[in-house]
Amino acid sequence: MSIYYLYTALFGANRLEVYLGVYVALTFVLIFLVYPLKRGTIKRAPTIPDIALALVSVAVVGYWVANYQAITYRAGAANQADHVMGILMIVLGLEVGRRALGWTMAVLGVILMAYAFYGPYMPGLIAHRGYSIPRISEAVFMDERGVWGTMAQVLVNFVIIFIFFGAFLNRSGVGQFFIDLAIGVAGRARGGPAKVAVLASALMGSISGSAIANTVSTGALTIPLMKKIGFKPHTAGAVEASASIGGMFLPPVMGAGAFVMVELTGIPYTHIMLASIVPAGLYMLSIWMNVHFEAKRLGLQGMPVAEIPRLGATLRQGWFLALPLVILVTLLVMGRSAGYAAFWGTAATIPVSWFTRDNRMGPRQIWQALVEGGRNTLIIGATVGVIGILLGVINLTGLSQKFTTIFLTLAGGSSLMAIFLVALASLILGMGMPVTASYLVTAVLAVPALNDLGIPILAAHMIVYWLSQDSNITPPVCIAAYAAAAIAQADPWKTGWNAFKYAKLLYVMPLLFAYTPILVGVGQSVDGHVITSWIAALLGTIAFGAVTIGYLKRATTAPEWLLLAGATFLCYMPPIWSDIVGVALVAFLWWLQGRVEISLGRGIRLLPHS
């Protein structure tokens, strides 16, 4: 894969089918050799069945690569060899998914294949004429929307190199520089370590492309610090998990889902990146304010001054460590491809590391980064086979059109109900597959229905993409929260529910995409009205943090909380008058909380110090 990016970066050549084949074959072979046949056992060495499956994988993928042109020309008229290889690919894809990801995705693939086969026996609304196993294998193995479709192409073109970019950043000391920078900026603030977690997760998450990796890497430092100053273990884990998924929304990388969005919409990556800046900033601000008001409520202070690196010294000693990210962003803004930009950003980490004392990258460190990156690509690569089966069957049976009809019927013409259904579908799918795969499948099924409700294409994809992250922090799955709980030595269930509390804007932002797209610049030019709306949304997000924690200047009473919630709602609404009224209400309540208390039980009373 590295040779591919070196070659294409220097010469611009691209035989995508070769690199697709190499990647899929390598992924399948490594999973068969590394992951045990029986999940839950410890594997010491590959068995004969493992080696046999690895060899079959090479044969099947090699057949597709060698016969790529012929297979393309005879599309719709497959021969017996095509059918055999297609059936083998289905079996291999299901087994790879089962080994690396568990039974859920494999079972889902089998269910959809059964749906394709038994179409005539299905209920009327989802019935179809039915397809034979050979015809299903064609859709999966030969159709450009099957195994070799969007997921595989996005992985080869974008995701792999960004995963390696993250591994090289960690080895070169860039990650530690970002954490030190965050401590220098926010360490002294009230609830300092928690705010450090927000900043560090934003910096690391924007380029790591994985909420779980972000949680583990930054959480290893920030969670113990949060516990040390007085945060409960489950709260410390929740803050880190909820902050870490913010990296999935922050440019320049935004996780693999952003690249899938490019493929599905045809919208340039730079446009998606620019449209994501404000929503991502609002999300990170909401976590920051939640942490701030929680620290005020608990009476927590910042970190001891002796433990905080000087910001100026950190910048003077390590400013050059930001160069790989600067190169990445500069090339993206210049219009270069994401893979090209990531390649040169990755290459830059090696000479940059030579100027550090403890992280100089020689042959051994480079090899370790390559191994780490390769290991990290396996899990997401394992989805290729099963996702190919799902998408192949969806396109073959016309399930997306049927789903649109069902979706619109259930939604009853309501965008609110439609977004609720998307959230539910994303949560259920996220229980058994990575968030990128969940986004891709949900987008294929739900975006057409959202379009029919009048939601623009980019806004619709943003809705699905944001909601696809909910399985990271929403019980019962909440994978990122469980990872944080392990570091915090906390109850995973409590950590998950607290992460859900801190990350509430994750569920509010999709509503803004649908009802007030001006806030996020979707389909809008940046004029005075947009900027005014952004300012109001910023103040509304601050108020939203107070609503979430129930604390502004002091703990809010029920009437004060309702007033604050109403003000937050008005700040997010598009009309100028709504923004003005919302901001005025927030300012009024801030002033009021220092003078009087309004409660249901005692009415209005003057505070002692007023």
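Computed from a predicted model, the values in this text were never measured in an experiment.
Taken from OH in Tyr551 to CZ in Arg297, the straight-line distance is 9.5 Å, to the nearest 0.5 Å. To the nearest 0.5 angstrom, Thr235 atom OG1 is 11.5 Å from Asn290 atom CG. Considering CG of Leu440 and CE of Met261, their distance stands at 11.5 Å, rounded to 0.5 Å. Residue Gln469 holds its CD atom at 7.5 Å from CG of Leu506, rounded to the nearest 0.5 Å. Remark: Ile161 CD1 to Phe164 CZ distance equals 7.5 Å, nearest 0.5 Å. Here CZ of Arg316 is found 9.0 Å from CZ of Arg310. Values are rounded to the nearest 0.5 Å.
Between Ala167 and Gly373, the shortest heavy-atom distance links the atoms CB-N, 3.8 Å. Looking at every heavy atom in both residues, Ser242 comes nearest to Ala499 through CB-O, 3.9 Å. Across Gln593 and Ala555, no two heavy atoms sit closer than the pair NE2-O, 3.8 Å. Annotation for Thr495 and Ala490: closest pair OG1-CB, 3.6 Å, computed over non-hydrogen atoms. Scanning all heavy atoms of the two residues, the minimum distance from Ala546 to Leu564 falls at CB-CD2, 3.4 Å. Closest approach of Cys571 and Asp579 over heavy atoms only: O-OD1, 3.2 Å.
A 4.5 Å side-chain heavy-atom check between Lys553 and Leu589 finds every atom pair outside the cut-off. Under the 4.5 Å side-chain criterion, counting only non-hydrogen atoms from C-beta, Leu325 is in contact with Phe178. Side-chain contact between Val174 and Asn359 is absent, with no heavy atoms from C-beta onward closer than 4.5 Å. You'll find the side chain of Ser276 stays beyond 4.5 Å of the side chain of Leu250, heavy atoms only. Counting heavy atoms from C-beta on, the side chains of Thr356 and Ser172 never come closer than 4.5 Å. Contact annotation: the side chain of Tyr502 approaches that of Val239 to within less than 4.5 Å [non-hydrogen atoms, C-beta and beyond]. Annotation: side chain of Phe165 is in contact with side chain of Leu328 (closest heavy-atom distance under 4.5 Å). Using a 4.5 Å heavy-atom threshold, the side chains of Leu458 and Pro456 count as separate.
For residues 225-238, the salt bridge (charged side-chain N to carboxylate O under 4.0 Å, His left out) pairs, not counting sequence neighbours, are Lys228-Glu307.
No hydrogens or angles considered: a donor-acceptor pair under 3.5 Å links the side chains of Ser244 and Thr215. If you check the side chains of Thr541 and Tyr572, you find a donor sitting under 3.5 Å from an acceptor.
Remark: Phe500 engages Trp497, Tyr507 in a ring-ring contact (aromatic ring centres under 6.0 Å, His included) (not counting sequence neighbours). Residues passing the side chain to side chain contact (heavy atoms under 4.5 Å, CB included) test with Val262 are Tyr269, Ile272, sequence neighbours excluded. By the side chain to side chain contact (heavy atoms under 4.5 Å, CB included) test, Lys501 pairs with Glu294, Asn498, Lys504, Thr548, Ile549, sequence neighbours left out. Residues passing the side-chain hydrogen bond (donor to acceptor under 3.5 Å, both in side chains) test with Thr568: none are found, sequence neighbours excluded. The side-chain hydrogen bond (donor to acceptor under 3.5 Å, both in side chains) check on His234 picks up nothing, with sequence neighbours excluded. For Arg336, the side chain to side chain contact (heavy atoms under 4.5 Å, CB included) criterion is met by Leu331, Tyr340, not counting sequence neighbours. Among residues two or more places apart in sequence or in another chain, the ring-ring contact (aromatic ring centres under 6.0 Å, His included) test is passed with Phe249 by Tyr283, Trp466. Scanning for side-chain hydrogen bond (donor to acceptor under 3.5 Å, both in side chains) contacts around Thr222 gives Glu240, with sequence neighbours left out. Take Ala587 and apply the side chain to side chain contact (heavy atoms under 4.5 Å, CB included) test, not counting sequence neighbours, and it matches no residue. Not counting sequence neighbours, Gln489 has no partner by the side-chain hydrogen bond (donor to acceptor under 3.5 Å, both in side chains) test.
Put simply, the side chain of Trp590 never gets that close to the backbone of Leu552: no donor and acceptor are under 3.5 Å apart. Side-chain atoms of Ser201 do not come within 3.5 Å of backbone N or O of Val198 as any donor-acceptor pair. Between the side chain of Thr218 and the main chain of Ala200, no donor-acceptor pair closer than 3.5 Å is present. Checking side-chain atoms of Ser578 against main-chain N and O of Leu570 turns up a donor-acceptor pair under 3.5 Å. For the pair Thr442 (side chain) and Tyr439 (backbone), a donor-acceptor distance under 3.5 Å is absent. Side-chain N or O atoms of Thr556 include one that pairs as donor or acceptor with a backbone N or O of Gly550 at under 3.5 Å.
The neighbour count for Phe569 CZ, taken as heavy atoms of other residues, nucleotides or ligands under 6.0 Å away, does not exceed 12.
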Atom pairs and distances, side-chain donor-acceptor, residues 180-196, under 3.5 Å, sequence neighbours left out:
| residue | atom | partner | partner atom | Å |
| --- | --- | --- | --- | --- |
| Asp180 | OD1 | Gln176 | NE2 | 3.0 |
| Lys195 | NZ | Arg190 | O | 3.2 |
| Lys195 | NZ | His292 | ND1 | 2.9 |

Ser353 vs Thr349, side-chain contact (heavy atoms from CB on, under 4.5 Å): CA-CA, chis, key distance, verdict: CA-CA 6 Å; Ser353 72; Thr349 61; over 6 Å; no

